[in-house]
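Single-structure report; data block below.
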Amino acid sequence: MSAVTATLHAAHPGRALRYAVPIAVLLLTVPWVSGEFGTIQLTYGLVMAIAALGFNLLLGYTGLLSFGHSAYFGLGAYVVALMVKYLKITSMELFLVGAVVGTVIVTAVFGFACVRYTRIFFGILTLALSQVLWSLAFKFFWVTGGTDGLRVPTPTLLGFITGKGDKTAFLVHRYYYYVLAVFFVCVALMWIIVHSPFGMALQAIRDNETRAQFVGVRIWRYRWFAFLVSGVFTGIAGALWVPLNGLTTPDIMHWTFSGEIVFMTVLGGFRSFFGPVIGAIAFNYLKTYAVGYTTYWQFWLGAVLVVLVLSLPMGIVGTAGRLWGRFREGRS
């Protein structure tokens, strides 16, 4: 009980708002101070932060480790690409709606099979199902483009903001603020979810499934809804990612991409609400600079991540919070 109380105390709305406001102001000024490259990299980081937030609803709040979230990320991206190719749609709002509908359908079916199991059985089943979608995207090349992928042009935002002309300027300013707005909405929605009675029930299931069931919590139903919401957030991230990247391929559905989402969440700290956000942004920058500096970037990136995880077992946010607590205790 003390651990839960400490968590809730640390996540007090007033305290979170005190830090959220200056961070929001800082994010709003990024395109004017960071340059084109820095802004685009941060946009990628914000997109992955949405995916990590969704993933952490399962890992951090429900206690279920999924190795298949690349499937829902890729599904969101492919829904957008297929809407462009076959329906000639360019509206970003319709892309998001399509991604939500697509991920709801798939996660509802996959969740029905997966949430009956826990621990390694749950993880292996999510991995297997995600690889089914990857193989479909890889083999049905006449629909998905196979390894060549599907190109996605710059979308129309809010019905009238287009990317005609300078694509870089569009991504750095208009699309960045669009992604930032969706990011704020997703963070607010996830905050409401995890601090609602539904979120408290998920934490009760995580801490002690037997006691939660004894007090009347319907374990299977709550896990299924958590799986559904988690997949939808990840699908939204995929839908935002593909116009930024300009191309979607089966690679983003491979299990290795699921591993990246897991790394992001663990790196930031899956026991804190904002941990996955910090972890996603940090991981994106680490990967970008590793790729730019060496051809052996996988080795060095892996080595850095191993060192970080071993030295910061609570993640970046968890460790920073503990150090800050010790600092305040030392001053008092």
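Quick caveat: nothing in here was measured; it's all calculated off a predicted structure.
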(message) Tyr86 and side chain to side chain contact (heavy atoms under 4.5 Å, CB included): which single residue from Leu82, Val84, Ile89 fits?
(response) Leu82
(request) Keeping the roles fixed (side chain from Thr144, backbone from Ala137), state whether a donor-acceptor pair exists under 3.5 Å. (result) yes
(request) Considering only Ile, Leu, Val, Met, Phe, Trp and Tyr, and joining two whenever side-chain heavy atoms are under 4.5 Å apart, list the other residues clustered with Val101. (result) Val97, Ile105
(request) Hey, can you tell me if Phe283 and Phe263 have their rings parallel, tilted or perpendicular (30° and 60° cut-offs)? (result) parallel
(message) Can you tell me how the ring of Phe140 sits relative to the ring of Trp142, calling it parallel under 30°, perpendicular over 60° and tilted otherwise?
(response) tilted
(request) Evaluate the ring planes of Phe73 and Phe257, with Trp represented by its six-membered ring, and classify them as parallel (under 30°), tilted (30 to 60°) or perpendicular (over 60°). (result) tilted
(message) For Phe67, is there any backbone N or O sitting under 3.5 Å from a side-chain donor or acceptor partner on Ser258?
(response) yes
(message) Please check: side-chain N/O of Arg223 versus main-chain N/O of Arg116, any donor-acceptor pairing under 3.5 Å?
(response) no
(message) Treating Tyr175 as the side-chain partner and Leu240 as the backbone partner, does any N or O pair qualify as donor plus acceptor under 3.5 Å?
(response) yes
(request) Kindly compute the distance separating CG (Leu129) from OG1 (Thr107), expressed to the nearest 0.5 Å. (result) 12.0 Å
(message) Measuring from atom CG of Leu244 to atom OH of Tyr176, what distance do you get when rounded to the nearest 0.5 angstrom?
(response) 12.0 Å
(request) Please name all residues satisfying side-chain contact (heavy atoms from CB on, under 4.5 Å) with Ala239, sequence neighbours left out, ordered by chain then number. (result) Val80, Leu96, Ala99
(request) Measure the CG-CZ distance between Leu59 and Arg206 for me, rounded to the nearest 0.5 Å. (result) 10.0 Å
(request) Output, in order, the C-alpha distance, side-chain angles, deciding distance and verdict of side-chain contact (heavy atoms from CB on, under 4.5 Å) for Phe273 and Met190. (result) CA-CA 9 Å; Phe273 180 82; Met190 186 59 74; 3.7 Å; yes
(request) Measure the CZ-OG distance between Phe227 and Ser66 for me, rounded to the nearest 0.5 Å. (result) 5.5 Å
(request) Ignoring hydrogens and angles, tell me if any N or O in the side chain of Ser230 forms a donor-acceptor pair with the backbone of Gly54 under 3.5 Å. (result) yes
(request) Kindly compute the distance separating CE (Met253) from CG (Asp251), expressed to the nearest 0.5 Å. (result) 11.5 Å
(message) If the test is ring pair (Phe, Tyr, Trp, His ring centres under 6.0 Å), which one of Trp220, Phe225, Tyr117 qualifies with Phe112?
(response) Trp220
(request) Look only at the side chain of His195 and the backbone of Trp191, and say whether a donor-acceptor pair between them is shorter than 3.5 Å. (result) yes
(message) For the backbone of Val100 and the side chain of Thr103, can you confirm whether one donor and one acceptor N or O come within less than 3.5 Å of each other?
(response) yes
(message) Less than 3.5 Å apart, any donor N or O on the side chain of Thr168 or Glu36 sitting next to an acceptor on the other?
(response) no
(message) Let's go through Tyr222 and Trp224 carefully: what are the C-alpha distance in whole Å and the side-chain angles of both, what is the deciding distance for ring pair (Phe, Tyr, Trp, His ring centres under 6.0 Å) to 0.1 Å, and is it a yes or a no?
(response) CA-CA 5 Å; Tyr222 275 83; Trp224 183 79; over 10 Å; no
(request) Output the distance between atom CG (Leu53) and atom CZ (Phe274), rounded to the nearest 0.5 Å. (result) 8.5 Å
(request) Decide side-chain contact (heavy atoms from CB on, under 4.5 Å) for Leu136 and Tyr78; before the verdict, give the C-alpha distance in whole Å, the side-chain angles of both, and the deciding distance to 0.1 Å. (result) CA-CA 12 Å; Leu136 291 175; Tyr78 268 103; over 6 Å; no
